[in-house]
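Each chain gets a letter, A, B and so on, in the order its sequence line appears, and its residues count up from 1. Heavy atoms only: backbone and side chains are in, while hydrogens, waters and symmetry mates are out. These figures come from a predicted structure and were not determined experimentally.
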Number of protein chains: 2
Amino acid sequence: MVKNDKRDEIVRAALELIAEHGFHGAPMAMIAGRAGVGAGTIYRYFENKDVLITELYRDIEKNIMEALQQGYSVEKPFRERFLHLGTELLHHFIHNPLVFRYLEQFHNSPYGVAFRRDKILGTSTSECNVFRELFELGTTQQILKDLPLVILFALFFGPVLSVARDHILGFVELDEVLIHHTIEACWDGIKR
Amino acid sequence: MVKNDKRDEIVRAALELIAEHGFHGAPMAMIAGRAGVGAGTIYRYFENKDVLITELYRDIEKNIMEALQQGYSVEKPFRERFLHLGTELLHHFIHNPLVFRYLEQFHNSPYGVAFRRDKILGTSTSECNVFRELFELGTTQQILKDLPLVILFALFFGPVLSVARDHILGFVELDEVLIHHTIEACWDGIKR
DNA sequence: TATTACTGAATGAACGTTCATTCTGATAGG
DNA sequence: CCTATCAGAATGAACGTTCATTCAGTAATA
């Protein structure tokens, strides 16, 4: 009987604590406590802390991927598709601050670099594929600036992540209008 | 008796190790080893690890500030001033990868959030002041988009930091042309 | 009862920090 | 010129703490 009950509790507790305090501020004992299980129980579900961390990351990435697909259609015009992905991504971060904070912790750690390498250079089945597809189409169709994909990514993800962070930290209150303007500004940055 | 001999060695070692391995991957014993001093010697110059870390941060910030001032003149037209600051900042990061990596470590840590709060909300004498001044001027003169300062910052710093990171990690090779195009694209994002 | 799931005290490694000791080189007395 | 004295710089082994992980024992389930 594979009870995901406890596994889910462990993952939830890990997300909360790591998002709030970072990897080193979230000891296994604390995660176990928050999850309402014994410290040893975690090791029945995850080989070690690294595995817990990376599996949680994959869960999150899958969720984001699914959220972005909603209402996305290759039929729509290019610009509309871009605006959709941008606003959806920003929405998702704003409505899931724990997820966002976790991703930040993850990306700024030894774990993160290897994953980013895959995402930018490789052909991993990651959240970026839908973006990669769109951006490469945009450059070949001369809709976007003639810049390396990595630069275009930076011009888009850079502001989106910054803005999401500022919102979550309370430096700015993003509403629908502001979100829209931000993504439009990103568009101005990448469009030819 | 230049008292700063050992202090400088300690700071240099801390910069190298923390930039490369993060705060938790750079134990005091390792910093001492790299600096060629005893472990206890560090505590003659710095009260504890936190003080070492934040003093190193202030040193770095001061250097960047100075680098940005070079060739900067409030006489020049707005756009030119922006392009100057942008390219100089990017140059500085690219030519000082250890500094950049250290800043990333710092900003993504408990230390960083408080500092960012100051930088964005407060009136600290930090690297951002020259940017804040310029951007506020740009909005009042209706040169830049009518967006909160924080958003404009995100539209500029977001891409610059992303691109610098990608260059340093080897995901893209930035040359003069590419740097210029990147900063121009940022300009497109923020200009009205 | 047999098997599996769970627990949390025990373990050992790693860390920041301390402090008794050693080193260094300047000064003073002879 | 030599040697004794000394202040403070430097050292690194030792300490106490924290953490991930283990495992012997307990509870639940079949």
Side-chain angles (χ1 to χ4, degrees), chain A residues 1-59 101-102 105-106 108-114, chain B residues 1-59 101-102 105-106 108-114:
Chain A
M1 168 160 338
V2 181
K3 283 226 170 212
N4 279 4
D5 252 16
K6 301 218 168 188
R7 201 200 110 105
D8 289 349
E9 281 303 297
I10 293 166
V11 167
R12 190 187 53 77
L15 173 62
E16 288 177 17
L17 289 169
I18 293 173
E20 198 168 348
H21 302 114
F23 295 121
H24 298 278
M28 293 296 257
M30 200 185 285
I31 294 172
R34 175 77 67 105
V37 303
T41 306
I42 296 179
Y43 292 84
R44 293 201 55 76
Y45 295 93
F46 304 95
E47 192 186 333
N48 55 43
K49 196 176 182 179
D50 277 16
V51 169
L52 168 59
I53 286 169
T54 52
E55 282 200 23
L56 175 49
Y57 177 79
R58 279 185 233 273
D59 285 3
R101 304 262 285 147
Y102 185 89
Q105 299 284 353
F106 188 87
N108 293 285
S109 73
Y111 307 109
V113 176
Chain B
M1 274 295 146
V2 180
K3 168 190 158 188
N4 278 1
D5 244 21
K6 300 222 167 189
R7 201 199 112 105
D8 288 350
E9 281 303 297
I10 292 166
V11 167
R12 190 186 53 78
L15 173 63
E16 288 176 17
L17 289 170
I18 292 173
E20 198 168 350
H21 302 115
F23 295 122
H24 297 280
M28 292 297 256
M30 200 185 285
I31 293 172
R34 175 78 67 107
V37 303
T41 306
I42 296 178
Y43 292 85
R44 294 202 56 77
Y45 295 93
F46 304 95
E47 191 187 335
N48 54 43
K49 195 177 184 179
D50 278 16
V51 170
L52 168 59
I53 286 169
T54 52
E55 283 200 21
L56 175 47
Y57 177 79
R58 280 185 231 273
D59 284 2
R101 304 261 284 146
Y102 185 88
Q105 299 286 350
F106 189 86
N108 294 284
S109 74
Y111 308 108
V113 175

- prompt: What's the CD1-P distance between B:I31 and C:dT17, to the nearest Å?
  reply: 10 Å
- request: Let me know the distance between CE of A:M30 and P of D:dC19, rounded to the nearest Å.
  value: 7 Å
query: Quick one: CG on B:L56 to CD1 on B:I10, what's the gap to the nearest 0.5 Å?
result: 12.0 Å
- request: Let me know the distance between CZ of A:F23 and P of C:dC15, rounded to the nearest Å.
  value: 18 Å
query: Which residues in residues 46-54 of chain B have at least one heavy atom lying under 4.0 Å from any atom of DNA chain C?
result: B:N48, B:K49
query: Does A:K6 have a side-chain nitrogen or oxygen under 4.0 Å from the phosphate oxygens OP1 or OP2 of D:dA28?
result: no
- line: For A:H24, the ring pair (Phe, Tyr, Trp, His ring centres under 6.0 Å) test, sequence neighbours excluded, returns B:H24
- request: May I have the distance from B:R44 (atom CZ) to C:dT18 (atom C1'), rounded to whole angstrom?
  value: 13 Å
message: I need the NE2-C1' distance between A:H24 and C:dA14, as an integer number of Å.
response: 12 Å
message: If you take any heavy atom closer than 4.0 Å to DNA chain D, which residues from residues 33-43 of chain A end up in contact?
response: A:G40, A:Y43
statement: Those residues at least two apart in sequence (or on a different chain) that pass side chain to side chain donor-acceptor pair (under 3.5 Å) with B:E55 are B:R7
field: Distance, nearest 0.5 Å, that separates CZ of B:R101 from CG of A:N108
entry: 10.0 Å
Report, one line per pair, each donor and acceptor closer than 3.5 Å where one atom sits in a side chain of residues 26-43 of chain A; sequence neighbours left out.
from  : atom 1 : to    : atom 2 : distance (Å)
A:R34 : NH1    : A:E16 : OE1    : 2.3
A:T41 : OG1    : A:G38 : O      : 3.4

- prompt: Tell me: CD1 of B:I10 to C1' of D:dA10, nearest whole Å?
  reply: 10 Å
field: Nearest atoms (heavy-atom pairs only) where A:Y102 meets A:I53
entry: OH-O, 2.7 Å
Nucleotide C:dG25, atom P - distance to CG of B:D5 in whole Å: 13 Å
task: List for me each residue that meets ring pair (Phe, Tyr, Trp, His ring centres under 6.0 Å) alongside B:F23, sequence neighbours excluded, and say none if there are none.
output: B:Y111
task: Check the pair A:V11, A:D8 against side chain to side chain contact (heavy atoms under 4.5 Å, CB included), reporting the backbone distance first and the verdict last.
output: CA-CA 5 Å; A:V11 167; A:D8 289 349; 5.6 Å; no
message: Under 4.0 Å between a side-chain nitrogen and a carboxylate oxygen: does that hold for A:R12 and A:E9?
response: yes
- prompt: Which nucleotide in the list C:dC15, C:dT17, D:dA20 gets nearest to the side chain of A:M28?
  reply: D:dA20
message: OP1 or OP2 of C:dC6 versus the side-chain N and O atoms of A:Y45: is any pair under 4.0 Å?
response: yes
